[in-house]
Structure formats: structure tokens, C-alpha cells
Amino acid sequence: MTVDTPPPLPKTPRVSRRRRNTIIIGLAVIPAFFIGLLMALRIVGWVHPFYVPTGAMTPAVAVGDHVMMEGMTFLARKPRLGDIVVFKTEGIASLPTGQFYIKRIAGEPGDHVRIAEGKLFINDKQVALSNFRGEIIYDLPPVNAMFTATTNLTVPDGRFFVLGDNATNSFDSRFWGSVPRENIAGRILFCYWPPQRFGSVK
């Protein structure tokens, strides 16, 4: 009578171990690469985080949102209608200096802009700017009694007419005029906090 010896346990192929190690290294390196890239872009000023304290751009950008601005797009093209931009307040009458505001471009240099019955008209054609809730209605805020609103004008060369999506709660170009191109730092790319608001901003 012979005693059968059990077969040897299969050895883990070296190729499988090597592949697993490569995947683990890749999972560690890729996030580190993107974090390093963001830090480098932050240093040169091409990306910048912002906290939003007001509701003038609700619902696209809400109170308490932490959003990321990027300035690379405007190196390749000019700001255009519908872009949500970050701009410096320096040199703009009625605005405090040293601050950044977020608004949506509603008129480009040379455009004739008119707002009537909540509708936006550019060069005598109705233009429907929208966010994820649909078309934006540009009714005047209650502060209209305290400030004179300009809703029929031609945007000067080198400047942009900007409005808040929450038009009845927005102090914008209707009251203090247009934004010089050199004041525009970039456009809002996405919201990264709070988690339920994470995603692209439109």
C-alpha cells in the first residue's frame, strides 16, 4: 500500500505579483501627481480656491460653497457670454477694494445690453442665459429704491457687463458698471465643498 502525497501548493506567478505591485504604486502615484500639479498651478496663480459668503449667484454658486477658479482658459480665449468669472474690485466705483467677486458675464465689449421685464436683450435680440434650474430672470432687487439701476447701455471697449444669477439679491453691473478685462482673474470651474454640492459649476 502506497501513501499518496498531496500535490504541492501552486506558487503565485511572479507576473501577477508584479502586476499587483504596479497597480498599487500607480494608485499612490496618480493622486500625488494631481495634488502636486494643483499645488504648482496654485503657486503660479492659475488655480485658486474661494469661499462664497453671499447668495448673489444662487443656485449656480450658493452660500457656503467652496469653489475652484482656474485662469488657464482665458490665456487661450477671451471671456465670453455665460462664463462665471472671478474678478478683482480694484478701480470699480461703489465696490470695496481688495476683494474678489463672482458673477456671470451678460455682455461683452461693444454689446448693447438691455434688460426689460426680467429678460436680457443683447444687440436687440433676446438671450436666455441659464443655470441648472433653467433660464435666469433678471428682475431688479429691492435696493433699486436706493441705487439707480442702468439696464439699457452699450458695454465700453475692454470691459464686461456682469450679473448675478440670483438677480433680486445681486449688487452687480446694473448698479456699479462694467468690469475691466484686466480685473478678471479666471472662471469658476467646480465646487469641491460641501460634498452634496460637489461638481462642475454652470
Side-chain angles (χ1 to χ4, degrees), residues 34-35 38-39 41-42 45-74 79-108 113 115 117-120 127-151 159-181 183-202:
F34 281 106
I35 291 172
L38 282 174
M39 290 178 64
L41 293 174
R42 174 71 178 88
W46 286 352
V47 297
H48 196 294
F50 285 96
Y51 168 75
V52 181
T54 71
M57 280 297 295
T58 303
V61 182
V63 177
D65 280 357
H66 293 255
V67 295
M68 188 66 69
M69 180 211 82
E70 61 87 10
M72 294 169 288
T73 295
F74 296 154
R80 63 190 179 202
L81 192 70
D83 284 339
I84 299 177
V85 298
V86 176
F87 61 93
K88 297 177 290 185
T89 56
E90 273 75 12
I92 301 175
S94 302
L95 295 186
T97 59
Q99 295 190 17
F100 289 90
Y101 279 22
I102 299 174
K103 302 290 181 186
R104 189 185 298 272
I105 291 179
E108 299 178 26
V113 175
I115 301 172
E117 298 180 353
K119 304 291 185 181
L120 175 67
V127 175
L129 296 182
S130 61
N131 50 44
F132 66 86
R133 285 189 184 168
E135 182 180 348
I136 303 167
I137 304 301
Y138 291 107
D139 290 328
L140 287 170
V143 296
N144 188 36
M146 299 169 54
F147 297 90
T148 301
T150 301
T151 56
R159 302 177 78 94
F160 292 83
F161 191 82
V162 297
L163 298 172
D165 285 12
N166 186 10
T168 58
N169 189 33
S170 178
F171 190 50
D172 49 40
S173 285
R174 294 172 294 178
F175 303 98
W176 41 254
S178 52
V179 177
R181 170 63 184 91
N183 283 39
I184 297 177
R187 70 185 184 103
I188 296 299
L189 187 60
F190 66 93
C191 176
Y192 63 90
W193 193 265
Q196 64 271 23
R197 295 274 299 167
F198 182 86
S200 61
V201 174
K202 298 180 180 178

Stepwise, does the side chain to side chain contact (heavy atoms under 4.5 Å, CB included) test hold for Lys119 with Tyr138?
CA-CA 6 Å; Lys119 304 291 185 181; Tyr138 291 107; over 6 Å; no
What is the minimum heavy-atom distance between [X] and [Y], and which atoms define it?
X: Glu135; Y: Ala128; value: CD-CB, 3.8 Å
X: Asp139; Y: Gly118; value: OD1-CA, 3.6 Å
X: Gly64; Y: Pro194; value: O-CD, 4.1 Å
X: Trp176; Y: Ala93; value: CB-O, 3.3 Å
X: Pro180; Y: Arg159; value: CG-NH1, 3.5 Å
X: Val63; Y: Gly55; value: CG2-N, 3.4 Å

[X] side-chain N/O to [Y] backbone N/O, donor-acceptor pair under 3.5 Å:
X: Thr89; Y: Gln99; answer: yes
X: Asn166; Y: Thr58; answer: no
X: Glu90; Y: Gly98; answer: yes
X: Asp165; Y: Ile136; answer: no
X: Glu108; Y: Leu81; answer: yes

Heavy-atom distance under 4.5 Å between the side chains of [X] and [Y], does that happen here?
X: Phe160; Y: Pro79; value: yes
X: Val85; Y: Phe74; value: yes
X: Pro96; Y: Tyr101; value: yes
X: Met57; Y: Ile188; value: no

Can Phe87 and Ile92 be said to form a side chain to side chain contact (heavy atoms under 4.5 Å, CB included), step by step?
CA-CA 11 Å; Phe87 61 93; Ile92 301 175; 4.0 Å; yes
Could you give the distance from [atom1] ([X]) to [atom2] ([Y]), rounded to the nearest 0.5 Å?
X: Asp83; Y: Arg104; atom1: CG; atom2: CZ; value: 9.0 Å
X: Leu95; Y: Phe171; atom1: CG; atom2: CZ; value: 6.0 Å
X: Ser178; Y: Asp172; atom1: OG; atom2: CG; value: 12.0 Å
X: Leu163; Y: Leu120; atom1: CG; atom2: CG; value: 7.0 Å
X: Thr54; Y: Asn169; atom1: OG1; atom2: CG; value: 7.5 Å
X: Met68; Y: Phe190; atom1: CE; atom2: CZ; value: 4.5 Å

Using a cut-off of 6.0 Å, state whether more than 12 heavy atoms not belonging to Gln196 lie near its atom CD.
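Enclosed: over 12 neighbouring heavy atoms sit under 6.0 Å from CD of Gln196.
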Candidate list Arg80, Glu70, Met72, test side chain to side chain contact (heavy atoms under 4.5 Å, CB included), partner Arg187, passing option
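Going through the options one by one, the only one that passes is Glu70.
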Electrostatic pair Arg197:Asp65 at N-O distance under 4.0 angstrom:
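Between Asp65 and Arg197 there is a salt bridge, with a charged N closer than 4.0 Å to a carboxylate O.
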